[in-house]
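Single-structure report; data block below.
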Amino acid sequence: MSRVDTELALIASRFQLEGAVQSISPYGDGHINDTYLITTDQRRYILQRMNTDVFPDTKSLMRNIELVTGFLKSQGKETLDIIRSNDGATYLEDSAGAWRVYAFIEHTISYNLVPNASVFRDAGAAFGDFQNELARFDASQLTETIAHFHDTPHRFADFKAAVQKDELGRAASCKPEIDFYYAHADVYPIIMDGLKDGSLPLRVTHNDTKLNNILMDATTHKARAIIDLDTIMPGSMLFDFGDSIRFGASTALEDECDLDKVHFSTELFRAYTEGFVGELRQSITAREAQLLPLGAKMMTLECGMRFLADYLSGDTYFATDYPEHNLVRCHTQIKLVQEMEASEGRMDAIVEAVMESGSAETAENAKGDAL
Ligand code: ADP
Ligand code: GN1
Ligand code: MG
């Protein structure tokens, strides 16, 4: 093994793994943690160096995950399985950071692009079901892992500070993008205001519902497990719905350079809405349903301004592969917002139809899944 691998092997040896470690290699497409696949001669594991800049309180973070996964298991759900350290702890720390190990959830796929509407409908149902599960969980036990996570006005204040600071002198070259986010300032408070005045209920939400945070069965393509549980916190249902749409109802990858390939698909929006609302029909309020399209736009605006703020600040938050990576991601988010704005009436009609119809309409629509 190389020097780095030897260091990783040393970390791995401090967890209760079955079998002898054969390889440890980088894995997955997450933007936050450093994720590795450990293969032993008996089974596979996920090793993560947690991002302690993003999540400074590792103890509370892991306690949240222990509580939530324990609850989900008690409900018969497949979920992350924490592998303990030799000392029986849920994580360990060394000079390089804080580490945890999960059992590898075998025979699953996580998608960066929706392969067909049926998979996306299923993802919607899985996240809706997850929301139902969390509603039965005693959320008072949870610690807020990142303050103001989907507080869009707060994100906009951070964005403006990054523009003002312009640490790398990049702001002049992205004036149209910056102007775009300033021009949408009136939108940002809508969800937070609703949570504050009680017109939107505060729930317990996942908060990071992009498609590669759900594992689908490799054979049936049905949702198996929802992962990346680091951001489970109180929030609005609109955050979870919106972030899924932001990522999954696009016809291209989040970091597609060719914007001609990036489109907002109302058909994918419909499929996800059917799945999500289908599960939450008993608890979704009329105001939440009315604001689902806005939730999609809000999460896409918020994520785009986060990418741009990170680009302006020197790419310290999201993992990047090349210098313009965050700017490229921001461009896809702007394109999606523009197309969402052009499709507002269509989205409203889809939500109304899904709210009015029961499973019959859903079954009917399931026939036309080709993209
Ligand atoms: P990040 O916070 O950086 O997004 P994630 O926890 O989402 O990190 O992990 C990154 C990727 O690793 C996931 O998108 C998924 O593909 C894969 N992954 C994570 N945990 C598991 C697991 N227990 N079994 C299988 N794959 C996993
Ligand atoms: C990050 O951790 P990951 O890659 O699943 C980010 C999300 C963003 C997303 C954009 C803790 O998600 O908020 O929407 O990137 N997670 C955190 O792809 O900031
Ligand atoms: Mg992730």
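Just follow the structure's listing: the first ligand is 1, and inside any ligand the first atom is 1. Heavy-atom basis, side chains included; hydrogens, waters and symmetry copies ignored. This chain uses plain numbering: 1 for the first residue, then up along the sequence. Computed from a predicted model, the values in this text were never measured in an experiment.
Per-residue contacts place H31 under 4.0 angstrom from the following atoms of ligand 1 (heavy atoms of the residue considered): 3 (O), 4 (O). Each of the atoms 24 (N), 25 (C), 26 (N) of ligand 1 lies under 4.0 Å from some heavy atom of F104. The ligand atoms of ligand 2 that sit less than 4.0 angstrom from a heavy atom of I32 are 1 (C), 2 (O), 11 (C), 16 (N), 17 (C), 19 (O). Counting the atoms of ligand 2 from 1 in the order shown, those under 4.0 Å from a heavy atom of G30 are 4 (O). Near K210, the atoms of ligand 2 lying under 4.0 angstrom from a non-hydrogen atom of the residue are 3 (P), 4 (O), 5 (O), 9 (C), 10 (C), 12 (O), 15 (O), 18 (O). Close approach to E254 involves these atoms of ligand 2, each under 4.0 Å from a residue heavy atom: 10 (C), 18 (O). With ligand atoms numbered from 1 in the order given, ligand 1 contributes 13 (C), 15 (C), 18 (N), 19 (C), 20 (N) to contacts under 4.0 Å with heavy atoms of I227. The distance from ligand 1 to the heavy atoms of I32 drops below 4.0 Å at these ligand atoms: 2 (O), 3 (O). Atoms of ligand 1 found under 4.0 Å from any heavy atom of N213, numbered from 1 in the order shown, are 7 (O). Less than 4.0 angstrom separates some heavy atom of N213 from each of these atoms of ligand 2: 5 (O). Every atom of ligand 2 with a heavy atom of R246 under 4.0 Å away is listed here by number and element: 10 (C), 14 (O), 18 (O).
Excluding water, every protein N/O/S atom under 2.8 Å from the Mg ion (ligand 3) is given here by residue and atom: N213 OD1, D228 OD2.
As a member of the Ile/Leu/Val/Met/Phe/Trp/Tyr network built from side-chain separations under 4.5 Å, V328 groups with Y322.
In this structure, a donor-acceptor pair under 3.5 Å is present between the side chains of H184 and E341.
To the nearest 0.5 Å, atoms CZ (R100) and CD (E93) are separated by 12.5 Å.
Taking the six-membered ring where the residue is Trp, the centroids of F241 and F269 are separated by under 6.0 Å. Centroid-to-centroid, the aromatic rings of F127 and F276 stay 6.0 Å apart or farther. In this structure, the ring of Y102 has its center no less than 6.0 angstrom from the ring center of Y45.
Here atom 5 (O) of ligand 2 lies nearest to D228 when heavy atoms of D228, D243, D230, D29 are compared. Distances from atom 3 (P) of ligand 2 to the heavy atoms of I146, D208, T300 put D208 nearest.
In I105, the parts holding a heavy atom less than 4.0 Å from any atom of ligand 1 are both the side chain and the backbone. Here A319 has no heavy atoms under 4.0 Å from ligand 1, in either its backbone or its side chain.
Note on L92: it does not cluster hydrophobically with L10, by side-chain heavy-atom contacts below 4.5 Å among ILVMFWY residues.
Under the 4.0 angstrom criterion for non-hydrogen atoms, M299 is not in contact with ligand 2.
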